[in-house]
Amino acid sequence: MNDSQSSSLSSSSSYDSAIGPPQANVVGSHSSSQGISPSVSRHWRDVFWLLIFVAHLIVVGFALGVFGLNRFKQPDRLNIDKYTMGFLENKDGLTEDFWPLYAVAGGVGAVLGWTWLLLLGSRANQMMKFSVHILTTYLAVVSVLCFWAEQFFWGVAFAIGAALQFLYVISVIDRLPFTMLVLQRAVKMVWNLPEVTRVACIFMLVMLLWLALWSFGAAGVVALGIGDGGRWWLLVVLSVSLFWTGAVLCNVVHVVVSGMVFLVLIHGGREATSMPPKPVMSSLQYAVTTSFGSICYGSLFTAAIRTLRWEIRGLRSKIGSNECLLCCVDFLFHLVEFLVRWFNKYAYVQIAVYGKSFNHSAKDAWELFQSTGVEALIAYDCSGAVIFMGTVLGGLISGTCAAVWTRIKHPDRVVMVGCTAMLMGMILVGLAMVVVESAVTSIYICYAEDPR
């Protein structure tokens with residue numbers, strides 16, 4: 001057994017000690033290299049990124065409060081405009097003019113997320129199929145509406161998105177039946193673990209609290225009156241911060257669900273006598289303490305790299321005999337594959353179970369897949385992309401609702417509010433859908449460790 005892996009779990013925790021003994025009975029030829037040791041305590045991992053994330057929350061939270069209060073009830077309450085009067089366009093506007101528009105997006109996103117969790121056991125398969133087939137149409141319709149509103153840049157952007165989505169679905173159409181079988185298995189497992197859906201609901205409430213502050217500040221920025229260029233730059237910075245914060249919360253849920261599903265699979269069911277007491281609380285405790293730095297670190301890069309990988313794989317399969325283009329795409333493909341080795345979602349299962357650092361977890365998971373041949377199954381599976389499509393569709397619906405109301409009240413701020421509202425909706429829906437993705441990743445890790 002590796003020293004790095006034998007140093008992963010706590011001897012004082014019943015959660016950890018309960019994993020070890022059954023492993024010797026059920027894990028096949030890879031148990032010697034990938035087994036779980038109950039003998040050594042966990043350590044804090046990636047502490048630097050934990051401190052960076054906390055400092056970022058403090059700074060951004062302060063900035064959001066300042067921007068929101070500056071235009072709350074009265075224009076330029078904190079006299080910020082005097083610093084921009086000489087070189088930026090100044091207009092009148094109040095935070096409360098735009099804050100309700102973001103409240104609509106947050107409400108729609110929360111309703112969609114909770115509806116997803118409520119219908120998880122009975123309609124999940126149909127909802128995922130619907131997301132795959134309707135997303136291209138929805139993107140095309142939004143593109144047309146942008147052209148109609150004379151927003152040509154965004155019309156072209158959404159048209160390109162619709163084209164890429166269509167090409168991707170066509171390139172993987174033969175893999176969708178297998179993907180749906182994997183998702184059905186994951187959904188069935190999650191539905192039989194109601195405590196993990198409750199964790200997702202709790203984190204959606206936490207995200208809504210942060211979104212209340214974030215939207216307050218974003219509304220103040222939209223009303224700031226420093227010209228479109230200045231507002232867009234501030235909103236981009238705030239959106240990057242929101243994306244990171246939302247990804248961290250999603251991946252905390254990911255780690256909690258992964259730890260629970262792994263235990264259920266390894267022990268042969270949640271009713272097994274070898275199951276530790278309160279496994280969800282133990283997973284949650286690790287996720288928000290010793291492993292939180294690893295989650296913060298991975299959340300910065302994983303989503304972007306995964307999305308790029310899906311698009312390159314889809315494009316690569318449809319190039320044909322164009323050798324020049326194939327050479328360029330192959331270079332990008334191998335570059336992304338190298339990044340995936342160090343940044344992949346399967347790391348979160350290793351973090352949940354072994355308590356390792358993020359890069360160490362990602363590397364070990366990928367090497368496990370390569371040594372067992374499971375990598376070929378993962379390459380064939382599109383479950384992550386299908387779940388991402390559902391998340392994007394939820395975000396588009398939330399953004400559309402906010403944009404329609406903005407079009408009525410403030411037609412010059414439609415795109416600004418609509419795009420940021422879409423991000424809010426994506427994060428809330430993603431918090432609901434991550435429970436299924438976590439189950440899928442846990443199934444693959446367990447299968448690689450014990451094919452039987």
Side-chain angles (χ1 to χ4, degrees), residues 5-27 31 34-45 117 120-121 185-206 249-292 294-295 345-356 361 365 431-432 434-450:
Q5 290 168 335
S6 65
S7 64
S8 56
L9 302 178
S10 172
S11 58
S12 61
S13 170
S14 58
Y15 170 83
D16 299 312
S17 61
I19 301 179
Q23 190 78 351
N25 296 327
V26 299
V27 176
S31 60
Q34 295 291 336
I36 306 173
S37 170
S39 59
V40 184
S41 62
R42 293 191 180 214
H43 302 288
W44 288 79
R45 306 291 186 182
L117 291 175
L120 188 61
R185 169 63 176 161
V187 166
K188 183 179 179 181
M189 180 171 293
V190 171
W191 186 248
N192 291 325
L193 301 171
E195 55 266 57
V196 301
T197 58
R198 286 195 289 268
V199 169
C201 288
I202 291 170
F203 274 86
M204 286 178 68
L205 289 174
V206 173
L249 290 185
C250 281
N251 289 325
V252 168
V253 176
H254 197 334
V255 168
V256 173
V257 177
S258 297
M260 181 64 185
V261 172
F262 189 95
L263 281 173
V264 170
L265 289 171
I266 289 298
H267 289 272
R270 61 176 299 168
E271 304 301 330
T273 56
S274 57
M275 279 285 288
K278 299 181 180 179
V280 171
M281 291 305 299
S282 298
S283 289
L284 180 59
Q285 176 188 345
Y286 290 137
V288 297
T289 55
T290 55
S291 296
F292 192 64
S294 299
I295 293 171
K345 63 182 179 180
Y346 303 97
Y348 296 113
V349 184
Q350 299 266 337
I351 289 171
V353 179
Y354 300 99
K356 293 179 286 190
S361 298
L431 276 166
V434 74
V435 295
V436 176
E437 187 170 20
S438 302
V440 172
T441 56
S442 297
I443 289 171
Y444 278 123
I445 290 286
C446 289
Y447 180 70
E449 293 198 359
D450 179 20

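For the numbers below, each heavy atom of this structure counts, side chains included, while hydrogens, waters and symmetry mates do not.
- With values rounded to the nearest 0.5 angstrom, Tyr286 atom OH is found 14.5 Å from Tyr354 atom OH.
- In terms of heavy atoms, Trp191 sits closest to Leu117 at CZ3-O, 3.7 Å.
- Interatomic distance, NZ of Lys188 versus CG of Leu193, reported as 12.5 Å (0.5 Å rounding).
- Of all the heavy atoms in Ala439 and Ala186, the pair that sits closest is CB-CB, 3.8 Å.
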Do any side-chain atoms of residues 440-447 form donor-acceptor pairs under 3.5 angstrom with protein atoms, and if so which ones, sequence neighbours left out?
from   : atom 1 : to     : atom 2 : distance (Å)
Thr441 : OG1    : Glu437 : O      : 3.4
Thr441 : OG1    : Ser438 : O      : 2.7
Ser442 : OG     : Ser258 : O      : 3.4
Ser442 : OG     : Ser438 : O      : 3.0
Tyr444 : OH     : Asp381 : OD2    : 3.1

**Prompt:** Should Val288 and Leu284 be marked as a side chain to side chain contact (heavy atoms under 4.5 Å, CB included) after you check the CA-CA gap, both sets of side-chain angles, and the distance that decides it?
**Reply:** CA-CA 6 Å; Val288 297; Leu284 180 59; 4.1 Å; yes
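- The distance from atom NE2 of His267 to atom CE of Met275, rounded to the nearest 0.5 Å, is 6.5 Å.
- The shortest distance between side-chain heavy atoms of Leu120 and Val187 falls below 4.5 Å.
- Atoms CG and CD, from Leu265 and Glu449 in turn, are 11.0 Å apart once rounded to the nearest 0.5 Å.
- Taken to the nearest 0.5 Å, the CD1 atom of Ile202 stands 9.5 Å off from the OG1 atom of Thr197.
- A distance of 7.5 Å separates OG of Ser294 from CZ of Arg45, quoted to the nearest 0.5 Å.
- Of all heavy-atom pairs spanning Ile295 and Ala287, the tightest one is CD1-O, 3.5 Å.
- Inter-residue side-chain proximity for Val434 and Val257 is flagged as unmet; no heavy-atom pair is nearer than 4.5 Å.
- Nearest heavy-atom pair across Ser283 and Met260 is OG-N, 4.0 Å.
- Heavy-atom minimum distance, Val190 versus Val436: CG2-CA, 4.4 Å.
- Taking both residues in full, the closest heavy atoms of Val253 and Val435 are given as CG1-CG1, 4.1 Å, listed atom of the first, atom of the second, then distance.
- Not counting sequence neighbours, the partners of Arg270 by the salt bridge (Lys or Arg N to Asp or Glu O under 4.0 Å) test are Glu195.
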